[in-house]
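So the structure is just underneath, and the comments pick up after that.
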Amino acid sequence: MAEFEPVLSRNWNVPDSHTLKVYESRGGYQSARKALTTLDPDKVVQIVKDSELRGRGGAGFPCGMKWSFLPKDRKETFMCINADESEPSTFNNRILMERDPHQLIEGIMLGCFATKASTAYLYVRFEYINAYRILERAIAEAKAAGLLGKNILGSGFDLEIYVHRGAGAYICGEETGLIESLEGKRGWPRIKPPFPAIEGAFRKPTVVNNVETLCCVPHILERGADWFKSIGTPKSYGPKLYCISGHVNKQVCVELPLGITARELIDVHGGGVWKGRKAKAVVPGGISMGILSGNELDTKLDFEDIRKPGCLGLGTAAVTVMDDQTSMVDYLYNTARFFAHESCGQCTPCREGCAWIYKTMKRIKGGGGRIVDLDVMLQLANNMGIMPGTTICGLADGAAWPIKNAMAKFRPEFEEYIKTHQSGPKQITELQEAIFQGKTPAISGPSLPVLNAK
Amino acid sequence: MATAAEQTPMLTEQIREKIRAYIPRYPSKRAVTLPALHIVHEHFRCVPFRAMKEIAEILEITAAEVHDTMSFYGFFPQAPIGETRIWMCRSISCMLTGGEPLLEHACKRLGVHSGETTSDNKITIEFAECLGICDFAPAALADDGRIFGPLDEAKVDAMIEDVRAGRQEQGLA
C-alpha cells in the first residue's frame with residue numbers, strides 16, 4: 001500500500017485553519033462546487049455508496065445505504081448532524097469542528113445535496129463551547145460567501161445549517177434520542193421502526209450522520225470511491241481518526257487507515273505505555289465496546305476484526321490504555337457508574353440493570369463482594385440491550401459489554417479481589433460515594449446514606 | 001389572587017426577542033425549548049420555575065412540557081450558580097490518570113462541596129462525565145470554554161486563580 005496521506009486532519013496544524021480563506025486556499029469547497037454544478041444528487045449518493053463509507057459514529061452502518069433508504073416521493077427532508085460526542089475518551093469530532101469547521105460544512109452541503117435536504121441541524125453537545133463558537137462563525141462566513149442560503153452557486157439548491165446545542169446527556173447521541181431532543185422533548189430514543197429515514201425529525205424523513213462520516217464525503221467526491229477503497233481493510237475502508245488516551249505517553253488524536261493494530265497505535269502513535277509499563281487492557285472504541293486484554297493487542301481496529309476477541313464493535317475508535325498496575329475492579333466500577341448515570345430511564349432493564357450493576361460494583365469495590373455477584377452481574381448483562389431484545393436503544397448493550405468482556409477475560413482477578421477485600425460493612429471509599437452524590441466528604445460527609453450498608 | 005411579583009414578567013423583552021428569533025429555525029415552536037432554556041440560563045445563571053412558565057407562553061406549550069424537558073438534562077440549576085462553572089471529569093481516561101482526587105482537592109481549596117458555589121459567587125464546581133477533552137486528561141472545563149489539563153494539584157490551584165479572575169469568552173483556539 002502506498003504511503004498513507006492524512007486527509008481529514010490535513011489542515012489541523014495550518015494557522016487559522018478555521019477560516020474560510022485558509023480552507024479555500026487549500027482546495028476547500030471544490031468538491032461541493034463540482035457536485036452542485038455538475039452532478040445529480042443520486043449520482044452523489046451512488047459515489048458514496050460505491051465507496052462503502054461506513055458511519056464513524058459507532059455502529060458502522062453504510063452511509064450511502066442510509067441515504068438511499070429515504071422514500072423517493074418525499075417532499076421535505078431533514079439532515080441532523082450528530083456532534084453530541086459523549087462516549088468516554090472520544091474527542092475526534094471536537095478537533096474536527098474546532099480546527100476545520102469548513103470541512104464539516106462542505107460535508108454537510110454534500111450530504112444535504114445528495115439527500116435533498118434543505119435544512120440541517122447540527123446537534124453539538126454543550127460542553128464543546130469553543131467548537132460551537134467556531135462553527136457559528138464558520139457558518140456565517142460560508143453564508144456571506146454564498147455557500148449557504150438560497151440557490152447556492154446557481155444550482156437551485158438551498159441550505160440552512162442551524163447549530164442546536166445539547167445540554168449534557170449521553171443518550172442524545174443515539175439518533176432518535178437526538179431527534180427527540182431536537183424537537184424540544186426529553187432525549188428518549190424512539191421505538192424503531194419507523195426508522196428516521198421514513199419518519200424522523202418533525203415526523204419527516206431524516207438522515208442522521210456523524211461529523212466524521214460527513215467530513216469524509218468531500219474527499220470521496222474529490223478523489224473518487226476507488227481511492228477511498230484503496231485505504232483500510234476489507235469491509236472497513238478509508239481513513240479513521242483514532243483517539244488515544246489513558247496510560248500512554250502521548251494522549252492524541254491521529255488519522256490512520258482503518259485496521260491498524262492496537263499495539264501499533266499505542267507504541268508508535270501514543271508514545272508507548274507510560275512509565276515504561278506494559279498494557280494490561282485496552283478499551284478499543286469508547287467504553288461501551290468492551291475491552292481487549294494485553295495479549296489481544298494485535299487485533300486490528302476495524303469494523304470486522306475487532307469482533308473476534310469478543311468486543312461489541314469499533315465504536316468511536318477511542319482507545320483507552322490501562323497499564324499493568326490498573327485494577328480491573330476500578331475499570332468496571334467506573335464504567336458501571338457512567339452507565340448508571342447516563343441511562344435515560346425509559347426501558348426498565350437498562351434503568352434498573354445499570355443501577356444494580358453499579359450498586360453491586362460499589363459493594364465489591366468497597367470490600368463487601370461475593371463470588372455470586374459476578375454471576376448475577378453477568379446475568380443482568382446478558383439480559384439487557386437490543387441484542388436480547390429488551391430495550392429500545394443500544395445503550396444497555398454498551399453497558400453490558402464491559403461486564404461480559406471483563407468476566408470472560410479477567411474473572412480470576414475479580415474473584416481474587418473479592419476474596420482478599422472483605423472489610424465487613426465498609427463500602428466503597430467515602431470519596432467515591434461523594435463524587436457520585438456530588439458532595440465532598442472531607443467537609444461534611446455524604447449527603448445520603450450509603451446504599452447496601454450492612 | 002395574583003401578587004405584584006407575578007404580574008411583572010421575569011423575562012425582559014430583550015430575552016423574549018432572543019427566544020423568538022429561534023422560532024423560524026424549526027417547523028415546531030416546541031423545538032425552541034432547549035435554546036430558550038439556554039438563553040434563560042445564560043442570563044440568570046439558573047432556570048427558575050417562573051421563567052419556564054414564561055417560556056411555555058412564548059412557545060405555546062404547557063409549562064409542564066418545558067419542565068419535563070428541563071429536568072431531563074442535568075444541566076439547568078434552579079438556583080443561580082456562580083459566575084463561572086467548572087466541570088471536572090471523572091470518566092475513564094481522567095479516572096485512570098488521577099482525576100477523582102483532584103476534584104476533592106479543588107473542593108477543599110474552594111471550601112465548597114461539588115455542585116456548590118463559592119461564597120464570593122465566583123465559581124461553581126461540579127463533576128462531569130466525559131467532557132471530550134481526554135487529550136488533556138485529567139481535565140477540567142470552564143463554562144466560558146477554557147480547557148484545563150493535564151491537571152495536578154498545583155495546576156488545580158492555578159486553574160482556580162485563573163477562573164476567579166473572571167470569564168474569558170474570547171479564548172478561541
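Computed from a predicted model, the values in this text were never measured in an experiment. Residue numbers start from 1 in every chain, and the chains themselves are labelled A, B, ... in the order their sequence lines are given, proteins ahead of strands.
- At a 4.5 Å heavy-atom cutoff, the contact between A:Leu182 and chain B is made by backbone and side-chain atoms alike.
- A side-chain contact (heavy atoms from CB on, under 4.5 Å) with B:Arg16 holds for exactly one of B:Leu11, B:Ile55, B:Ile39; it is B:Leu11.
- For A:Cys172, the part sitting under 4.5 Å from any heavy atom of chain B is the side chain, from C-beta outward, and nothing else.
- Checked options B:Glu57, B:Met70, B:Glu65; the residue passing with B:Met52 is B:Met70 (criterion: side-chain contact (heavy atoms from CB on, under 4.5 Å)).
- For chain B, the nearby part of A:Val163 is the backbone; its heavy atoms alone come within less than 4.5 Å.
- In terms of heavy-atom pairs under 4.5 Å with chain B, the best-connected choice from A:Cys344, A:Cys253, A:Ser181 is A:Ser181.
- The candidate with the highest count of non-hydrogen atom pairs below 4.5 Å against chain B, out of A:Met322, A:Glu87, A:Glu85, A:His164, is A:His164.
- Contact annotation for A:Ser89: both backbone and side-chain heavy atoms come within less than 4.5 Å of a heavy atom of chain B.
- If you measure heavy-atom distances from A:Val321 to chain B, the contacts under 4.5 Å come from the backbone alone.
- Counting heavy-atom pairs closer than 4.5 Å to chain B, the top residue among A:Ser17, A:Ala169, A:Ala131, A:Gly187 is A:Gly187.
- Only the side chain of A:Arg125 comes within less than 4.5 Å of a heavy atom of chain B; its backbone N, CA, C and O stay farther away.
- In this structure, A:Phe202 and A:Phe78 have perpendicular ring planes: the angle between them is above 60°, well past the 30° mark.
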